[in-house]
Amino acid sequence: MQEETARSAIDTFISAFNASDDSYVTTLLSQSLTSDVVFWGPLGRSEGIAAVERFVLDIRRHPAGTGTMVRCSAVDMPDEWARYQWVFTTPDRGPRLAGTDVVHLRRSLIDQVIVFAGEIEPSAS
């Protein structure tokens with residue numbers, strides 16, 4: 001049951017990147033994130049839904065065109081933490097970015113997001 005709740009919050013969060021219109025982004029984020037969410041993204045730490053909304057809108061306005069964000073793995077959830085992999089692809093074979101997010105849930109909503117963008121290289125040993 002807990003994993004299904006996490007999956008639902010994560011999929012709603014991801015759907016904000018793919019909303020048919022920018023006006024739906026805030027609503028989708030409010031359905032998946034706590035108001036005091038802490039977001040650790042590629043540009044550092046920020047707090048609150050408005051900060052996450054700015055990040056999502058920036059991604060939606062990618063110079064190569066509006067891309068698509070998809071969860072491409074199962075949700076792995078030990079206790080209140082969950083992780084999943086994602087892929088962002090821009091149109092016409094434009095830039096593609098993959099990564100892993102780690103999220104913390106509180107009362108069925110995501111209250112922390114840690115974004116790991118890009119692939120991890122194998123160790124040299």
Side-chain angles (χ1 to χ4, degrees):
M1 183 67 159
Q2 187 178 13
E3 198 165 296
E4 180 57 39
T5 300
R7 190 178 310 111
S8 176
I10 290 165
D11 288 346
T12 302
F13 170 63
I14 289 173
S15 71
F17 291 89
N18 303 319
S20 60
D21 188 271
D22 285 352
S23 63
Y24 299 123
V25 171
T26 302
T27 301
L28 292 165
L29 293 177
S30 295
Q31 292 172 359
S32 59
L33 306 175
T34 62
S35 61
D36 62 345
V37 63
V38 177
F39 184 79
W40 297 88
L43 302 176
R45 182 184 191 275
S46 57
E47 292 183 32
I49 290 177
V52 179
E53 180 181 18
R54 283 189 298 276
F55 175 79
V56 171
L57 292 174
D58 285 348
I59 296 293
R60 288 173 55 83
R61 295 181 181 116
H62 193 282
T66 302
T68 303
M69 179 77 71
V70 296
R71 178 173 55 84
C72 60
S73 74
V75 173
D76 178 32
M77 186 171 189
D79 205 18
E80 72 265 11
W81 289 93
R83 68 179 174 164
Y84 60 93
Q85 294 178 319
W86 52 266
V87 174
F88 176 77
T89 308
T90 57
D92 301 324
R93 297 188 177 165
R96 179 182 184 274
L97 182 63
T100 300
D101 284 2
V102 175
V103 299
H104 183 268
L105 283 98
R106 179 179 50 172
R107 293 188 307 270
S108 304
L109 296 173
I110 298 168
D111 68 349
Q112 293 183 61
V113 180
I114 305 169
V115 177
F116 293 92
E119 304 290 329
I120 297 175
E121 297 296 323
S123 65
S125 53

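Hydrogens, waters and symmetry mates play no part in the numbers below; they use all other heavy atoms, side chains included. Fair warning: this is a prediction, and the values are worked out from it, not measured in the lab.
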Selection residues 63-87 - residue pairs positive for ring pair (Phe, Tyr, Trp, His ring centres under 6.0 Å), sequence neighbours left out: Trp81-His104

same_hphob_cluster(Leu97, Ile59) at 4.5 Å side-chain heavy-atom cutoff: yes

Exercise: identify the closest heavy-atom pair between Arg60 and Ala19: NH1-O, 2.8 Å

Test side chain to side chain donor-acceptor pair (under 3.5 Å) applied to Arg107 - qualifying residues, sequence neighbours left out: none

Cluster check Leu57, Val52: I/L/V/M/F/W/Y, side chain < 4.5 angstrom: yes

Separation between CD of Glu3 and OG of Ser8, rounded to the nearest 0.5 Å: 12.5 Å

Reported CG-to-CG distance for the pair Leu28 and Leu33, which is rounded to 0.5 angstrom: 10.0 Å

Shared hydrophobic cluster, Leu109 / Ile14 (ILVMFWY, side-chain heavy atoms < 4.5 Å): no

For Ala82 against Val75, the heavy-atom pair lying closest together: CB-CG1, 3.9 Å

Minimum heavy-atom distance between Val115 and Gly41, given as atom pair plus value: CB-CA, 4.3 Å

Counterpart residues, side chain to side chain donor-acceptor pair (under 3.5 Å), relative to Thr34 (two or more places apart): Asp36, Arg106

Contact check, side chains of Arg61 and Asp22, non-hydrogen atoms, under 4.5 Å: yes

Short side-chain to backbone donor-acceptor contact, Gln2 and Asp79, under 3.5 Å: yes

Residue pairs passing the ring pair (Phe, Tyr, Trp, His ring centres under 6.0 Å) test where at least one lies in residues 14-48, sequence neighbours excluded: Phe13-Phe17, Phe39-Phe55

Any pair counted as salt bridge (charged side-chain N to carboxylate O under 4.0 Å, His left out), so long as it reaches residues 82-91, sequence neighbours left out: Asp76-Arg83

Spatial distance of atom CD1 (Ile49) from atom OG1 (Thr27) [nearest 0.5 Å]: 10.0 Å

Nearest-0.5 Å distance that lies between atom CZ in Arg45 and atom CD1 in Ile114: 10.5 Å

Asp92 atom CG, neighbour heavy-atom count above 12 within 6.0 Å: no

Val87: hydrophobic cluster co-members (side-chain, 4.5 Å): Val70

Salt bridge present between Arg71 and Asp101 (N-O < 4.0 angstrom): no

Rounded distance [0.5 Å steps], OG in Ser46 versus CD in Glu53: 12.0 Å

Value rounded to 0.5 Å, distance of CD in Gln112 from CG in Leu105: 10.0 Å

Which atom of Ala16 lies closest to which atom of Leu29, heavy atoms considered: CB-CD2, 3.7 Å

Stepwise side-chain contact (heavy atoms from CB on, under 4.5 Å) check, Val103 with Ile10: CA-CA 8 Å; Val103 299; Ile10 290 165; 4.0 Å; yes

